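The shown structure was predicted, so the numbers you read here are calculated from the model rather than taken from an experiment. Sequence lines set the chain letters: A, B, ... in the order given, protein chains first and strands last, and positions in each chain run from 1.
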Amino acid sequence: MNKAYDCLIIGAGPAGLTAGIYATRYALKTIIIGKPFESIITHAWNVENYPGFKEISGMDLIERFKEHARHFGVELVEEEVVSAEKNNEFFLITTDANKKIKTKTIILAMGSVPRKLNVPNEEDFIGKGVSYCATCDAPFFKDKVVAVVGGSDSAVMTALLLSQKSKKVYILYRREKLRAHPIEIKKVNSNEKIEVVYNAQIKKLVGRDVLEKIELTNGEELSVDGVFVEIGHVPNPVIAKNLGVKINEQGFIIVDEHMRTNIERVYSAGDICGTKEKLRQVITAAAEGAKAARSAYEDIEKNKK
Amino acid sequence: MVRKMVLSITSNNYEKEVMNYNGFVVIDCWAPWCAPCRMSSPVFEELSQEIEGIKFAKLNVDEEGLIAQANRIVSIPTFIIFKNGVEVGRFVGAMPKELMKQKIMEVVENNE
Ligand SMILES: Cc1cc2nc3c(=O)[nH]c(=O)nc-3n(C[C@H](O)[C@H](O)[C@H](O)COP(=O)(O)OP(=O)(O)OC[C@H]3O[C@@H](n4cnc5c(N)ncnc54)[C@H](O)[C@@H]3O)c2cc1C
């Protein structure tokens, strides 16, 4: 095994890549493990709120982050971390390609994955009408009837995107009032193709080869060709648990204001950490990545004395 | 080693290379706008170098909308496996190489 890294970052989204930029500029020997194109921001067809870019697709934005990190010589390994353990004063992580890497500090920046509907036959309809990625699949529903599940910004944005090509778009929301940004709700209300169904929850997906209709818990049926699931994201707690890092009730990693976790020399940044209500955006993920890298730097310096 | 190419399917060669082909063909259905496809296509290409006896092909659903429609593709990436011109299996989404290999081989072994 080669010499230990100062800073190992798990995750190559806005949080991880920014942490990589900062850590390298603090002259830490830094490595990032993760796939930039797997960042959830690639699901955003248009980002309009990241300063410096009036308008940019999520895919192009993450490409810029990656280029920026590469520019400062960050080592980027496009693999997945499968386990992590503490080994005296070092941590030892293992990737899916069975690479073993030793490091003094770890920044956990694994983001989150789309939450599933959790209805019985959901898996059977993936790729046959059920989608978790509107930017990938919206074009296939030209002149079709679709439903978006959820009431947040991403649900509403997905509905607006779909309304450009689809014939009819339902928004199915389990509460009585959408919780998206007022500007977006206004757009929904004035869009003739979009119909919002409140207090709606899917009970069953129905179709022979492909999705044909959905049954709601109130007994109502809707004929649809597609269902886009936008009901939020859940963090994957496995690696945090490996390390003994504390998570909260919803599974998010608990951090202090300097992004330190309860385990010494383990930090976290971005969508995977913080309270449930925290703002989860590119700019906040990047900011937290920067803070985590500085904390790692300070703790390493402290240990040298 | 001679590098095999992943064949691009178009309306000009679909009949010959897929429908009338005797044997297994696996097709990666993708589009340039799709981020997960950017991850899965290189994996697919690597597997095409490793797995013998199966034809590897790709379909740009943007340029070949009719073929995509005929195969009822509504998510990408979708991977479809044909045997003697008949679909015998499909799976959806980007995934690690070993898992993709396993999924392809499962379909092939079940239909041999
Ligand atoms: C549809 C949609 C639209 C959005 N639009 C906007 C917008 O307009 N503006 C905005 O600011 N924000 C937007 N967001 C939110 C934004 O995408 C996230 O807040 C941001 O991407 C969080 O960054 P992150 O680095 O914490 O996580 P992510 O971007 O999710 O990155 C996580 C990284 O961790 C990696 N990873 C996970 N597990 C492992 C592992 N075990 N080993 C190695 N790597 C791993 C992943 O591959 C990925 O590289 C949007 C989100 C969605 C879903």
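- Interface residue Glu63(A): only side-chain heavy atoms are found under 4.5 Å from chain B.
- Contact of Pro42(B) with chain A is not made at all, since no heavy-atom distance falls under 4.5 Å.
- Rounding to the nearest 0.5 angstrom, the gap separating the SG atom in Cys29(B) from the CZ atom in Phe140(A) is 8.5 Å.
- Only the side chain of Phe141(A) comes within contact range of chain B, with heavy atoms under 4.5 Å apart.
- Rounded to the nearest 0.5 Å, atoms NZ (Lys142(A)) and CD (Gln69(B)) are 8.5 Å apart.
- When all heavy atoms are compared, the tightest approach of Ser75(B) to Val130(A) is OG-O, 4.1 Å.
- Rounding to the nearest 0.5 angstrom, the gap separating the CD1 atom in Ile73(B) from the CG atom in Asp137(A) is 11.0 Å.
- Val92(B) and Ile126(A) make their closest contact through CG2-O, 3.9 Å (heavy atoms, listed as atom of the first residue, atom of the second, distance).
- Here the straight-line distance linking atom OG1 of Thr42(A) with atom CH2 of Trp33(B) works out to 14.5 Å at 0.5 Å rounding.
- The residue among Ser57(A), Ala97(A), Gly129(A), Pro139(A) with the most heavy atom pairs within less than 4.5 Å of chain B is Pro139(A).
- Rounding to the nearest 0.5 Å gives a distance of 7.0 Å between CZ of Arg90(B) and NZ of Lys128(A).
- The neighbour count for Lys165(A) NZ, taken as heavy atoms of other residues, nucleotides or ligands under 6.0 Å away, does not exceed 12.
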